Number of protein chains: 2
Amino acid sequence: MASSKTSARGEAKTTVSPGAVRDAALTLFAERGYHGTALSQIADALGIRTPSLYNHMKAKQDLLRDIIVETSEQVWAEHEQAVHGVGDVVERLRRTARVYALRHATHRREALIVNRDVASLDEPVRSDVLELRRRHAHAIRDLIEEGVTAGRFTEEEPTLAAFGILEMCVSIARWFREDGPQSAEAVAETYSRYALRIAGLN
Amino acid sequence: MASSKTSARGEAKTTVSPGAVRDAALTLFAERGYHGTALSQIADALGIRTPSLYNHMKAKQDLLRDIIVETSEQVWAEHEQAVHGVGDVVERLRRTARVYALRHATHRREALIVNRDVASLDEPVRSDVLELRRRHAHAIRDLIEEGVTAGRFTEEEPTLAAFGILEMCVSIARWFREDGPQSAEAVAETYSRYALRIAGLN
DNA sequence: CCTACCGATCGGTAGG
DNA sequence: CCTACCGATCGGTAGG
């Protein structure tokens, strides 16, 4: 994912790949935001000149689009996989929250960009991404409602609870450190317990 | 807070105040981010030319600084006021979450800017703001620990729980609508219940 | 992968 | 409050 030699400053052979450009964009967009990042900064990080970036991408907006669209689709696919074939509604909510929390600990840069810069996406892509996110929130709301009907949960505001669960997990990307005291898995486990509490687990 | 006549397009008397500039900046920064907003767009919204903005402010960065610093200080002051003189630790956590949630429903633009653009603040202001936020998280963590010691809460990861509570409340600014089905007060009440559940209220 | 260069726009100033 | 204008930088292209 990085350039083939050491990055920055242009010493040594700097041969870059589309993946390396994307990786540099991930880091810089996550740190400074899409509009706060200049292509010259991405080029600097790779040790090449700005125009050379165009050997690996079509436009700055395409970098953002690829990052956000692929991430959003992966998130939804992970959710579907996590609940597939699971009968118990409590376990389905637990897994939904755990996989979402885990992703936000392990893909911090992607998560920060999706949540900060989705408004910088051109249409119609922006609407597609927002629709995917709505679907996720609705899926959680439906899980809570199903659990309430089944007498497993007690929460009477499933929509508010769904937003709370989703955004609480998103926030992991903002404070989690790989070298911190807790592993990504441990944090995901803890936050999935919080999700069940918010739903009012009996 | 708006210009003295109708805004935009420059018809009629457009007499602007510093408060009107700040209000336009609040709306546009919240929508597009600090780096995504040009001073020309703020001027357009007010129906004046870009250089005329400098009658009401010193620099674009100062707009951001004023918004973020004042908001952060108000948030901390509200927290202190909310818990002042309250003995019961459960009630203190409830009030902490409620006042924080309420603010994020009633001051959505400010909250979005603080959380999205704090990284765009020049030093040393950025560090000061981040320090205030850390203090808030620590206060919540301490409340949970105190409640656990007193046998009122059961949560064994007070730091993770504190982040979860804080960020869950922050997220209200992202989806709350004034004309939605729930009042700001109702949402704040509901989210303060979630906060107690996360803490593991006995 | 580079140099050279493009028009557009940025935040901001001069001067009235 | 305006017009006129500044240097810097933006994303992107030409051409090799």
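On a predicted model such as this, the values are computed, not experimentally measured, just so you know. Worth knowing before you read on, the calculation uses all heavy atoms, side chains too, and leaves out hydrogens, waters and symmetry mates. Note on naming: letters A, B, ... go to the chains in the order of the sequence lines (proteins, then strands), and numbering restarts at 1 for each one.
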Rounded to whole angstrom units, what separation is found between the CD atom of A/Gln61 and the C1' atom of D/dG12? 14 Å

When rounded to whole Å, the CG to P distance for the pair B/Asp44 and C/dT9 reads 12 Å

Expressed as a whole number of angstroms, how long is the span from B/Leu28:CG to C/dG11:P? 12 Å

Do A/Asp122 and A/Arg65 sit within salt-bridge range, that is, some charged N less than 4.0 Å from a carboxylate O? no

Paired nucleotide for D/dA4 [Watson-Crick or G-U wobble; both distances under 3.5 Å]: C/dT13

Closest nucleotide among C/dC1, C/dT13, D/dG12 to the A/Val16 side chain: C/dC1

Can you check the A/Leu46 CG to C/dC2 C1' distance for me, whole Å? 15 Å

Let me spell it out: for each of A/Asn55 and A/Leu39, pick the nucleotide of DNA chain D with the closest heavy atom. Which residue's pick is nearer the 5' end? A/Leu39

Please state whether the rings of B/Phe29 and B/Tyr34 are parallel, tilted or perpendicular, taking 30° and 60° as the class boundaries. perpendicular

Sidechain N-carboxylate O distance under 4.0 Å for B/Arg193, A/Glu155: yes

Tell me whether the side-chain N/O atoms of A/Arg49 come closer than 4.0 Å to OP1 or OP2 in C/dC1. no

Assign each of A/Pro51 and B/Met57 the nucleotide of DNA chain C bearing its closest heavy atom; nearer the 5' end lies the nucleotide of A/Pro51

Look at the side chain of A/Ala59 and decide which nucleotide, out of D/dC1, C/dG12, D/dG12, has an atom nearest to it. D/dG12

Using atom CG of B/Leu53 as one end and atom C1' of C/dC10 as the other, report the distance to the nearest whole Å. 14 Å

Measure the distance from CD1 on B/Ile42 to P on C/dC10 and round it to the nearest whole Å. 11 Å

Could you tell me how far apart B/Gln41 (CD) and C/dT9 (P) are, to the nearest whole angstrom? 11 Å

Residue-phosphate contact under 4.0 Å: A/His56 side-chain N/O, C/dC1 OP1/OP2: yes

Inter- and intrachain pairs under ring pair (Phe, Tyr, Trp, His ring centres under 6.0 Å), touching residues 36-64 of chain B, at least two apart: none

Return the nearest nucleotide to the side chain of B/Ile48; candidates are C/dG11, D/dC2, D/dG11. D/dC2

Is the shortest side-chain N/O distance from B/Thr50 to OP1 or OP2 of C/dG12 below 4.0 Å? no

Relative to each other, are the rings of A/His136 and A/Trp76 parallel, tilted or perpendicular (30° and 60° limits)? perpendicular

Figure out the NE2/C1' separation between A/His35 and C/dC10, and round it to whole Å. 13 Å

